[in-house]
Amino acid sequence: MNLLKYSFVLVGAMVWGQGLDFSGRTNQPAGLDLSGTWYPQPLQDSGLITASGALVEYGGIPVNEAGRLYALAWSAARIQGRQHQCMGYTIPYTYNQPGNLRFWEERDPHTQRLLSIKHYWQISEGERTIWMDDRPHPAAYAQHTWAGFSTGKFEGNALTVYTTHLKRGWIRSNGLAQSDEATVTEHFIRHGDRITYLSVVNDPVYLAEPFSRAYTLMRNAKEPDAWLYACDDGEQILGRREDRVESYDWGRHPFLREFADSKHIPLLATLGGPETMYPEILAKLKDQQAMEAAATAELTPSAGPPHASRAADPNPHDGEIHVLPVQGNLYMLVGDGGNIAVQIGDQAPLVVNSGAGQLTDKVVAAIRKLTDKPIQFIVNTNFGADYTGGNVKLRAAGHDPSVEGSFFSGQFADAGNGATIIGHQNVQNHLLALKKPSEGIPSDTFFQGRRRKFHNGEAVEIFYEPGATTDSDTIVHFRRSDVIATGDLFSSTSYPAIDVKNGGSIQGEIAALNYILDRTVYQHDEEGGTLIIPGHGRLCDEWEMAEYRDMLVIIRDRVQGLIKNGATLEKVKAARVTADYDDRFGATSGPWTTDMFVEAVYTGLKNPPKTGNGN
Amino acid sequence: MPYTPIRTRLALAASLALVSATGVQGQGRGGRGGPPEPPKTARAGALYDITGYWVSVVTEDWRFRMVTPPKGDYTGVALNEAGRKFADAWDPAKDEAAGEQCKSYGAPNLMRVPGRLHITWQDDQTLKIESDAGQQTRVLHFASADDQGSGWQGFSKALWEMVPVGRGITPVGSLKVVTTHLKPGYLRKNGVPYSANATLTEYFDRVNEPNGDAYLVITTTVEDPVYLAQPFLTASHFRKQPDAKSWNPAPCSAR
């Protein structure tokens, strides 16, 4: 036997005798490898497969008032809306779907350390990554997705996963919404060919308590051949108006008792709420009269003032400017009032809005880190102080070579000095009326339709959206980067600040959002593709704007209905027409309260503006 | 000096390194005594603590658990023909007259009944699970027992089932319980049956939440050659309670 063979015999003997192992330091118990193909065990909650359940089947779900009212207003006809047809599945809803699931590991090719656990699910062709390398979660102003951002660790015999940055999804697709503020903890415990899965959803917007649920995934006996889920949106109802969003008036749900009656369940129990999860509800259900009264009270908003938003503020408020790469040539700068969009490329930067002007030096410094070229163009999407406050300093930090040496430039002593500010003529008019310094007022204006540029290698279109939040709103579409900066028309943090006195109206706002939605294209199942930089809040996509549009249409229709019945503004406010959205977008103090928004909607509907969409 | 191929030199180096490392590791663990001795009792070897008070969180199969489903509604249970026939004949009045109100409180369904559990170590080799709903007691035997049971709760054999892990990693696994010798009862309150031949296999796992909550997750398989065409699989969970404050003993109910 040669030396080599002796060596292996010696090593083998040592391994055998001493129980030496080669498991390394991953802390991953061998029995916890989830790799392979699985499917949700369909017998538990079998009536819920596809997870929808019946209308008004909320028992055992700890919804709060806003969550219940959202569901009671929800009509299944909304699924036919263009942006809703291909809605993706969120976590943990995806584990209720009837299709196949696949888990696999991704390892560093050089060290073989576990980087992530990947997961693909058939329905909606979703994919998620569970990062196992201790990386931090993204900033609050980053984009949300159906799968969210997940980090995992092995704890005992479980893989524990924590997920943030989810889009608004379903608890059940019968109208029980999970908000985009929800976070989810999941525990995967493997028992042979079965994974026990416990998810705990914390949702400050729609849940009164954490929603925990245990269920089972089963290993596929053989590799399934069904992995795809074709979906393409299209018109489901010919002639349907874009500003039509079906919903039920509270207290008039046509199928309110259908599930309760068919299953012999008291209505109160089917309306959900934290008490329906616990044994104590059984005693409550014995008093028929009290139960009916309690159920009736849950069908409409409770009396009292509107709720303030429970959503976390995505703005860091730390006195710094934060830079978020969007896609293509675009960056989003957060921290100084309204969001600032920055386009860079071969030419000088084009900037959309200038912020509140409190941190403009830091804005300039942040842009200089992106490019050494001075700012060439600043576009103001309206005249609001949150969007134009930094105009003077930002302009001074720039330079516009396109107006130097032209036919007319000789007539202006300062031609090329500073960036050129572009805006609708009404932005100029308003800022002049407000006696703002001339250096901070758009000098390059337009009146209707669109202003076009080809800059930094892509088409840039500035569209006028008349009578939306004001009479001066525009959006900016970066066509190759596929990014739209909306200015004040869209916010992920509040109801739109409709300034009726300055030409704004709910009708114009809805028309503007639909105009934007006509320009957006999703990449896959209402995700990716065109990204949207809102005036305030986090980076969004088409689906989130569609949900915002739906909200405004539903609120508009409620107010309109009350006006038709002769309601005064006070009565409209008392009806809490925004009760299902206040926990997400409402405000009871600050510059734009829910009461102010409702008043703006009411006023706009009582005295409709005469202007139409100029596009 | 004779030439030694590089492959051979690498193997030698690896051998020496392993011998050295093994020696160090062995000494560090107290010499050449082999693997550490297993704990002497189930209590000493418990992988996690499931004792205390727990409340059921009824968010799965809610309409079958929180209210009594109508007769003949056995959705989600793969009954065979005999099982369906039995379920279709459910008569709670008959059960009451026979003093058998506890038929849906047997081990295969007890963990699905809305209520609270009180789990304690009866002794070092025996866990006891009491329910306030139906006032039942399950006894989980880690060691062999003379009494093989035959009541609603049958006879439960328990073990800490370990998941293979590497050396130096804290042992992990689950509490596995297999229950047999059951008195025939109901998988659901509306007379969905299991027979005396049924076998119940359960895993009791504990997980902890970042906010301090703890959950007991019970993964259940009921196999019954008499009434089931397929195993009946469920997963139920309970949240840890700080005390016995809401403990509310109530007798079995057939309706």
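For the numbers below, each heavy atom of this structure counts, side chains included, while hydrogens, waters and symmetry mates do not.
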Cut-off 3.5 Å, side chains only: do B:R116 and A:Y278 have a donor facing an acceptor? no

Consider only side-chain N and O atoms of B:T221 and A:R194, and report whether a donor and an acceptor are under 3.5 Å apart. yes

To the nearest 0.5 Å, what is the distance between [atom1] ([X]) and [atom2] ([Y])?
X: B:R63; Y: A:E57; atom1: CZ; atom2: CD; value: 7.0 Å
X: B:D213; Y: A:S212; atom1: CG; atom2: OG; value: 8.5 Å
X: B:T219; Y: A:Y197; atom1: OG1; atom2: OH; value: 14.0 Å
X: A:N157; Y: B:L47; atom1: CG; atom2: CG; value: 8.0 Å
X: B:S236; Y: A:L198; atom1: OG; atom2: CG; value: 11.0 Å

Shortest non-hydrogen contact between [X] and [Y], atoms and distance:
X: A:A214; Y: B:V217; answer: CB-CG1, 4.1 Å
X: B:T59; Y: A:G60; answer: CG2-O, 3.1 Å
X: B:V55; Y: A:P279; answer: CG2-CD, 3.8 Å

Quick one: what part of [X] sits under 4.5 Å from any heavy atom of chain B, side chain, backbone, both or neither?
X: A:T276; result: both
X: A:F259; result: side chain
X: A:F211; result: side chain

Counting only non-hydrogen atoms closer than 4.5 Å, does [X] touch chain A with its backbone (N, CA, C, O), its side chain (CB onward), both, or neither?
X: B:T220; value: backbone
X: B:N208; value: backbone
X: B:P171; value: neither
X: B:Y215; value: side chain

Quick one: of A:V200, A:I265, A:T216, who has the most non-hydrogen atom pairs under 4.5 Å with chain B? A:V200

Of A:H264, A:K263, A:E155, the largest count of non-hydrogen pairs under 4.5 angstrom with chain B goes to A:K263

When heavy-atom pairs shorter than 4.5 Å are enumerated against chain A, which of [options] gives the highest number?
options: B:S56, B:G76, B:P114; answer: B:G76
options: B:T234, B:L233, B:D132; answer: B:L233
options: B:N211, B:D205, B:V113, B:V57; answer: B:D205

For residues 64-72 of chain B, give me every residue with a non-hydrogen atom less than 4.5 Å from any non-hydrogen atom of chain A. B:M66, B:V67, B:P70

Would you indicate whether the side-chain heavy atoms of [Y] and [X] approach each other to under 4.5 Å?
X: A:H191; Y: B:S174; value: yes
X: B:V207; Y: A:I189; value: yes
X: A:E209; Y: B:R239; value: yes

Under the ring pair (Phe, Tyr, Trp, His ring centres under 6.0 Å) test, residues paired with B:Y194 that sit two or more places apart: none

Verify, without hydrogens or angle tests, whether [X] (side chain) and [Y] (backbone) share a donor-acceptor contact under 3.5 angstrom.
X: B:D61; Y: A:D45; value: yes
X: B:W62; Y: A:M277; value: no
X: A:Q44; Y: B:A235; value: yes
X: A:T185; Y: B:E209; value: no

